[in-house]
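Note on naming: letters A, B, ... go to the chains in the order of the sequence lines (proteins, then strands), and numbering restarts at 1 for each one. Bear in mind that the values here come from a model prediction, so they are computed numbers and not experimental data.
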Amino acid sequence: MIEEYQRLDPRVQKWVFQQGWADLREIQKRAIGPILAGDTDVLISASTAGGKTEAFFLPACTASADQQEGFSILYISPLKALINDQYRRLEGLCKMLDMQVTPWHGDTPQSLKKRAKRAPSGILLITPESLEALLILQAGWAREAFASVRYVVVDEFHAFIGVERGQQLLSILTRLEHLLERQANPIPRVALSATLGELDTVPLSLRPDGNMPCSTITNTEGFSTLKVQVKGYLDPANLKADDRRKPAEHQICDELYRLCRGGSHLVFANSRRRTESIASQLANFCKERVVPNEFFPHHGSLAKEFREDLEARLQKDLLPTTAVCTMTLELGIDIGKVNSVIQVTAPHSVSSLRQRMGRSGRRGGAAVLWMLIAERELCSGFKLVDLLRVQLVQSLAMIRLLISNRWFEPADTSQFHFSTLVHQILATTAQWGGIRVDQLYALLCRTGPFQAVTTDHFKRLLAHMGRTTLLTQMGSGELVLGIEGERMVNHYSFYAVFRTPEEFRIINGTKVLGTLPLDTPIIPKMHIVFGGRSWKVTDVDTDKRVIQVIATKGGSPPAFAGEGLGVHDVVRQEMFRIYASGDYRIAVGTAKVDFLDSTAQDLFQEGATFFHHSHMVSQPIIQHGAATYVCPWLGDKTVNTLVALLLQGGFEAGAFAGIIEVSGTSVEPVCTFLQDVMRRGVPAEVELADAVPEKHVEKFDEFLPADLLNEGFGQRAFESHGTQAWLEAVLTDQ
DNA sequence: GACCTGCTGCGGGGTG
């Protein structure tokens, strides 16, 4: 391996020496060959703080240090904060090589942009949205400035796979190669990513037409040691004023105070609302005990200065600090490692749990995960979900899948992304001024990322875009922007492909505390919790979109916006396995490890006992109280499909945590109906979507014709084939 | 019963 190091530019070697590094990491050594060769795409996959950035930049800078004119490295990041980080980190190395580095995003000073505009050179650090703007507004300049680009590198690539923004990025890269006439001789794409699930599928996510081979470099180190404990809490029913029992959240805050004070921890509380509420309770505990506060909230609605202060405090590691946070501290930002990670309420997915756990484990020590789960004290008339203790069992299933099976959810790459296709049709048309239909289809769907879109889809979409004046077809057959299309493309809000709810600024006096996405009314005199403190609303200005507040004591949390996503088949099947065996423990060699405290064990026994008394091992459809329950123990696409079918059949049905409740009926009519559905065959996803009234989920969905909207929505929400298979498996013998 | 990300060009006013 020493020879690999020798292949780096002497000035790069000198920089490595100055860092005081004893040696390069394994992935850094292994990346040198493929990056220097520059004849393949490269996937570099390693855990947080694994040295991925240097693995790319050391050889890439070696290869391009002496190129004088034009950008040589195009670096793309999903976060502005990450661009600023990388700018600081690259300064030293690039000074050594006399290379220019330019950060370029919405907050970058014009002076830096102007300098690069006059004399583009070296490394450009940019967001997909800013790159989109360059292609649309400055295509001629871009063609010159990027003419000799040697590498395109995408940071946090996992954050792009299978989502709208990733489709846009891939489409932009295809358009760039086309603009530079590099189709026959593509620019190598390098993806830097946290460890990914199914590595074999990633190259196609990086280059959908497979027009260049891909080298994969991963580090093999996993968690060295792992300590996990699940703690259960009982939320008392009918609390009275003089009750000595405490609500579950209060018990959890007591526990958090004990576990966290004096150390460095991350508490993931899943919603901004719960994040606020827990952080403010913990801050109160510190106040009551007259000790300095060390508990702070961190989420996307909080003003940047509050977030950055907390990030800096965590990174400096001089004072004990606990961040109560949402996924804002899950990836990317460099905050170092913490003593432990604490998950309050069930995680949303195994992959997110895995990312979070990766934040723990200092200096090669054990990673520590606590999971605090509250279930309600049982009362008469309770629903199946409570009786089964589903939240607890879902958490146990996720821990087992992560640790025993080393499994986590793969990205969903089967979507059409019609909304982003509308955007890319407009963007490409704007970039070229005019374009032929066949060229557009070849670019976006044959070489670009919209491979699932057929020529038939494409024609129907273009016809609709013509009818709604997004596009106009010239006599020559060329497409140009229509009146509505011009209006959209010329507004700065066009460049991003994801939808944002309307936000209000929260202001105390003259100080902006942060922003709040609003979909429920906030009324004057209402009390809210924000930024870890309680406030009283004094004024709501709907024109300026401002909420004025003054400080108070106590108060109920604000309502935050958001939408749900799906639990995977594999998670629900693992839950079924745990219920059926009555055993959640993890096998280590021949021994079985228990990782629950006594309250959690009791709660689990309650759920498992109910499961067995109701014969749910063999009976997926049971009656309880005035309702019948259908329990497929499959992912939310199948659950959604069954609910849609039952509603069409005239039943009243709804689903909670994967369990379908059909009210006011018994097992027999439900079975008869589902057997009938099975014999006729489950309708296609697109037909099920037709019965859903509100299907506008993504930003440009409102510009789709009804048939494409149904097809796209059906694909993301339903699963007909799997539902048919489940019906056949459980109903055939009955 | 979620969560997160991003954005141009131009004109007017102040400062050195």
Side-chain angles (χ1 to χ4, degrees), chain A residues 76-84 104-110 113-114 117 126-138 154-161 163-169 172 268-276 297-302 304 307 324-333 343-349 351-353 355-356 383 385-386 390-391 394 420 423 427 430 488-501 503 514-517 519-520 557 559-567 636 639-640 654-659 697-699:
Chain A
I76 298 162
S77 154
L79 301 173
K80 291 185 289 191
L82 201 54
I83 287 176
N84 299 342
W104 189 300
H105 56 68
D107 302 339
T108 313
Q110 284 295 325
K113 292 184 180 174
K114 279 185 182 145
K117 208 63 182 299
I126 197 167
T127 59
E129 288 76 16
S130 285
L131 187 54
E132 179 76 86
L134 285 181
L135 284 187
I136 292 176
L137 301 169
Q138 328 259 359
V154 184
D155 209 349
E156 303 279 357
F157 185 65
H158 55 279
F160 287 110
I161 301 176
V163 300
E164 301 301 320
R165 214 171 167 210
Q167 290 293 113
Q168 178 190 26
L169 172 60
I172 288 172
F268 288 97
N270 284 3
S271 74
R272 283 176 286 201
R273 177 181 159 150
R274 199 177 295 109
T275 298
E276 286 292 344
H298 192 284
H299 58 75
S301 298
L302 219 49
K304 202 161 68 174
R307 289 165 66 169
V324 188
C325 57
T326 61
M327 63 178 289
T328 45
L329 287 181
E330 192 173 298
L331 30 89
I333 302 153
Q343 172 74 42
V344 178
T345 71
H348 299 124
S349 68
S351 58
S352 137
L353 179 62
Q355 283 283 355
R356 292 172 181 189
K383 300 287 173 63
V385 173
D386 288 307
V390 168
Q391 195 200 169
Q394 184 178 311
T420 300
H423 181 269
M488 277 168 61
V489 173
N490 289 333
H491 196 268
Y492 74 94
S493 62
F494 176 71
Y495 304 109
V497 294
F498 50 88
R499 161 180 277 192
T500 314
E503 299 214 328
T515 58
L516 183 67
D519 61 354
T520 55
F560 284 113
E563 69 185 38
L565 276 181
V567 170
D636 280 332
V639 172
N640 293 343
F656 190 93
I659 290 169
V697 182
E698 297 296 344
K699 187 173 173 188

Q.
Taking any heavy-atom pair under 4.0 Å as a contact, classify A/A657: base, sugar-phosphate, or nothing.
A.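 Here A/A657 touches the bases of the nucleic acid.
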
Q | All ring pair (Phe, Tyr, Trp, His ring centres under 6.0 Å) counterparts of A/H298, not counting sequence neighbours | A | none

Q | A/A346 backbone acceptor or donor facing A/N270 side chain under 3.5 Å | A |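 A pair under 3.5 Å: yes.
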
(Q) Which residue in the set A/E132, A/E156, A/E129 passes salt bridge (Lys or Arg N to Asp or Glu O under 4.0 Å) when paired with A/R165? (A)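 Testing A/R165 for a salt bridge (Lys or Arg N to Asp or Glu O under 4.0 Å) against A/E132, A/E156, A/E129 leaves exactly one candidate, A/E129.
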
Q. Quick one: are A/T108 and A/I83 in side-chain contact, heavy atoms under 4.5 Å?
A.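 A side-chain contact is absent here, since even the closest heavy-atom pair is not under 4.5 Å.
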
(Q) Each nucleotide in nucleotides 4-16 of chain B should get exactly one letter: B, S or -. Can you fill that in based on protein heavy atoms under 4.0 Å? (A) SBBBBS-------

(Q) I'd like to know whether A/Q168 forms a side chain to side chain donor-acceptor pair (under 3.5 Å) with A/T420, so could you lay out the CA-CA distance, the side-chain angles of the two residues, the decisive distance to 0.1 Å, and finally the verdict. (A) CA-CA 7 Å; A/Q168 178 190 26; A/T420 300; over 6 Å; no

